[in-house]
Structure formats: structure tokens, C-alpha cells
Number of protein chains: 2
Amino acid sequence: MTENVKGQREYRGSSGADRMRERRERLIEAAIAVYAERGYPKASVRAICKEAKLTERYFYESFASGEDLLVAAFETISDELFEVVDAADSGGEPEQRIHARLRAYYDALHQRPSATRVFFIDTVNVSKRVDVLFEHAIRRFERGMAELLDMPAPASDTVDLRLRGVSGGLHQIALAWMREDFARPTTEVVEIALRFCLAIRGTGM
Amino acid sequence: MTENVKGQREYRGSSGADRMRERRERLIEAAIAVYAERGYPKASVRAICKEAKLTERYFYESFASGEDLLVAAFETISDELFEVVDAADSGGEPEQRIHARLRAYYDALHQRPSATRVFFIDTVNVSKRVDVLFEHAIRRFERGMAELLDMPAPASDTVDLRLRGVSGGLHQIALAWMREDFARPTTEVVEIALRFCLAIRGTGM
DNA sequence: GCCATGTGACAACATGCGATGTCAGATGCA
DNA sequence: TGCATCTGACATCGCATGTTGTCACATGGC
């Protein structure tokens, strides 16, 4: 519960700021659903508002443009993913840590198919701002994996193409699994991903 | 030179069918340029026609819709790539063959930056038809690599996620290289890609 | 030279979009 | 109760798009 601001008042039990935040969250969730269904380019502001059961006025209350909402949706999904993966890594041997991180990662993707679709497909190459965020996310993931793979930590200004091979492989494995509607059990996918990582690690490539 | 069809005639030295085919090719090249510049969703029919120095009437002479042109452009690029890669594989030891294929692949990408951009970025996730074609292309690439990596040939109806890890890694290496405007020499990229493949092969993952 | 065919510039139309505005009615507070 | 605020449905505007059509002019075959 938030303090009321001057010129605002309670309405149906919540403050102005709370109502606004709830609308914002509803718009993000609606956007994820609509992006997943028809893709970002065809996700009009009107359609997202209808999905969120809000009107256009409330859209522009929280977001200056459609792209702003896209960025917010991407950040929401990305943050949740990193939270889950980082929480799963409870230390131990590198192999165990890799396993834990991969399991948490693929589990999270499996549990939120719409968000996964948006993360891997609908936010890709549609906005420069999101492209930059995606690249940041990949690098963050790679930094987390480097030491576990016996690879030197990558420089911050250039891409380590060897690490990119690893993260890219894991990425495309996830994408293919998603495209087949998560047909195989998560454990099988994690097992394959783990062996993939260990194959690279074994050779100190 | 093609036979004139009834009701057609020579014009500026070429037959009706030839002129039509030349216009079609010009539209495809123009489309690749415009897609690379502003992305497929923002590549209007008008803009492509202007780039090709043709008018809308000639667009609909060769393509029933904007998506038709997208498909044609993708197929053009994809066919050229496979042609180059297959031609480069002149037999020998698996390691040499992998090297030859990778070098041809990354060379071709480097030589045609706009087409590469369209292939990796602008045609991705914008059309179901192209998505299917892309998946076919990946599988064709994977079939070509499987035996060289001591992996069993993948079943035709399901994705081999281990192979997908390899092709996905090579894919993302290429993408990152392209994103930095091919800053490093091709040989360095090929070297990394080769070691990546051999690391997987060594473990018979 | 005549006329069908080819060409290019551009108009026309319906459609959907982002963005902003209007307005009646619901709600909470003094 | 009276009144400022909040809400939702909808109108409105300018603009870009795909697609089809029009029309004057160029070109080539007879």
C-alpha cells in the first residue's frame, strides 16, 4: 500500500499509485500473451489493451509507446529467468553447478511457455533497444558459465566467440525444444545440454 | 533469350519473359537491400519498388504478396549458401572436410553482408513459411555435419538436440561476428568454429 | 505511319494503426 | 449531499500501407 499523492484518492480499496502499478502489470502480462499469440509487429496497442481489459488511455499512462511496453515485457521475463537460475546455483563442484543452472533454466522455460516464446522469438530483431538488452542478457549468462567451463572470463567490450558457441548451442537447444512444444521431458533436455557443456569443458577449447 | 509468347514482343532488346525475369531478380535484390536496411516489417512494397526502380504494377506481376517476395529472397540466399558450402567439400579426412565447409560458410557470409543480415535477422520469425524453410535449411546443414562429427544421422521427423547444439553454436558465432561487422579475420572465426566442432566430435557426445 | 503492346508516374480506395480527446457515469471524500 | 476524481467506451485525427486502377507516353512490328 502506497501513500496517496496530492490530488489522488483511494478507489475500490487501493491507492492511486497501487492502481496504476496494477494496471501496468496487467498490461505487461497482456502484452506477453498477445506477443506470443500473434507476434510483436501485429500486436497493436488496441489489442493489448483489450486483452488487459483496459483502455488506451491507461496504456499511455504507463508507457510512452508500444516499444516501451515491449522493453518492459522483455525485462520482466529476463529478470525472472536470471533470478531462478542464480538461485539454483548453490555451489559445489563445477559439474554440479552447471547441472543445477541448466536444470533451473530449462525448467523455467518449460513452466512459462508464453513468456519463453516472447523471450526467444517475439522480442528478437524487432527493436534495437531490446536487441541490446538481449545481448546483455547473453553476456551475463556467459559470464556465469565461463569459470564453470574452465574458460577465461570474457572481456567486457568484445564477444568471446568460443563462449558464444556454448551459449548459442544451449540457446538453440531450448528453441528447438520449445518449437516442438516441450515434447520431451525436461530431464532429457538438461542431460543433453549438460553433456554438451562438458564436452566443451573437457577439451579446454 | 526466350521465345516470344503470343501477344508479347521484343522491347529494348529482350523478350517479354526475359524482361519479366530481370524485373523479378531486381525486385529480389532490392528487397534484400531494403530488408537489411530497415527490416522486413518496415519494408513496404512501395519502398522495395523504389529501390528496384520499378513500379508497384511490376511487383504484383511477379509476386502475389509481400510475403511471396520474402520467401523468394530467402530461398535465393539459402540456395547460394548451400551451393558454396557443398562445392567446397571436396572429400578427404573428416577434419579437413569440416574445415573446408566452415571456411566456405563463413567466407560466403562475409562476402555478402546484406544477404547475411537478411538471412540471420530480417527473415527470422516474421513469416511462418520462411520459418519452415529456415528449419529445413538447418536440418540440411545438420545432415551434412552428422557423419563428420561421428554422430548418427538424425531422424527426419524429430530434431536431434545434440546436433542442434552444434549447429546452434556455429549459428550464434556467425551472428555475433556479423553484429561486430565482421571485425575479426575470417580465419580466426573459422579456427574457433573448427575447434568447437572437434571438441564435440572428440567426446562422441 | 499506324496501332497494339510495354512502361512509368501517380491517383484512388479501404484498412488499420498510434495517439489524443470527449463525455457520461461510477466512486470516494468533505 | 455535493463535488472533485476515476473509469470505461468510444470518437477523432493524421498517416502509412496493400492493392488496383488510370492515363499519357515510349517502343516495336507491320
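The sequence lines fix the lettering, A, B, ..., with proteins before strands; numbering per chain opens at 1. Note: hydrogens, waters and symmetry copies are ignored here, and every other heavy atom, side chains too, is used.
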At 4.0 Å (heavy atoms only), tell me whether A/Y58 reaches a base, stays on the sugar-phosphate, or touches nothing.
base

Do the charged groups of B/K128 and B/D131 touch, with an N to O distance under 4.0 Å?
no

Rounded to whole angstroms, how far apart are CD on A/E67 and P on C/dA19?
11 Å

How many whole angstroms separate atom CZ of B/R9 from atom P of C/dC3?
14 Å

Across the strands shown, which category fits A/T55 at heavy-atom distances under 4.0 angstrom: base, sugar-phosphate, nothing?
base

Among D/dA26, C/dG18, D/dG18, which nucleotide has an atom closest to any side-chain atom of B/Y60?
D/dG18

Taking side chain as C-beta onward, heavy atoms only, is B/M151 less than 4.5 Å from B/E142?
no

Rounded to whole angstroms, how far apart are CZ on A/F63 and P on C/dA19?
13 Å

Taken to the nearest whole Å, OH/B/Y11 to C1'/D/dG29 is 13 Å

Cationic N near anionic O, under 4.0 Å, A/R139 to A/E135:
yes

Quick one: are A/T116 and A/P113 in side-chain contact, heavy atoms under 4.5 Å?
no

Considering only heavy atoms from C-beta outward, does the side chain of B/C197 approach that of B/L170 to under 4.5 Å?
yes

Separation of B/F59 atom CZ from C/dA9 atom P, in whole Å?
18 Å

Counting any heavy atom closer than 4.0 Å, what does B/R57 reach on the DNA or RNA strands: base, sugar-phosphate only, or nothing?
base

With nearest nucleotides of DNA chain C determined for B/E61 and A/S44 from heavy-atom distances, which residue corresponds to the more 5′ nucleotide?
B/E61

Provide, to the nearest angstrom, the distance between the OH atom belonging to A/Y40 and the P atom belonging to C/dC17.
13 Å

What's B/R12 touching, base or sugar-phosphate or nothing? Going by heavy atoms closer than 4.0 Å.
sugar-phosphate

First of A/K53 and B/S65 reached from the 5' end of DNA chain D, by closest nucleotide
A/K53

Please state how far atom CG in A/D18 lies from atom C1' in D/dT5, giving the value in whole angstrom units.
17 Å

Round to a whole Å and report the spacing from CG of B/D68 to C1' of D/dT19.
14 Å

Would you state whether a donor and an acceptor, one from the side chain of B/R46 and one from the base of D/dA16, lie under 3.5 Å apart?
no

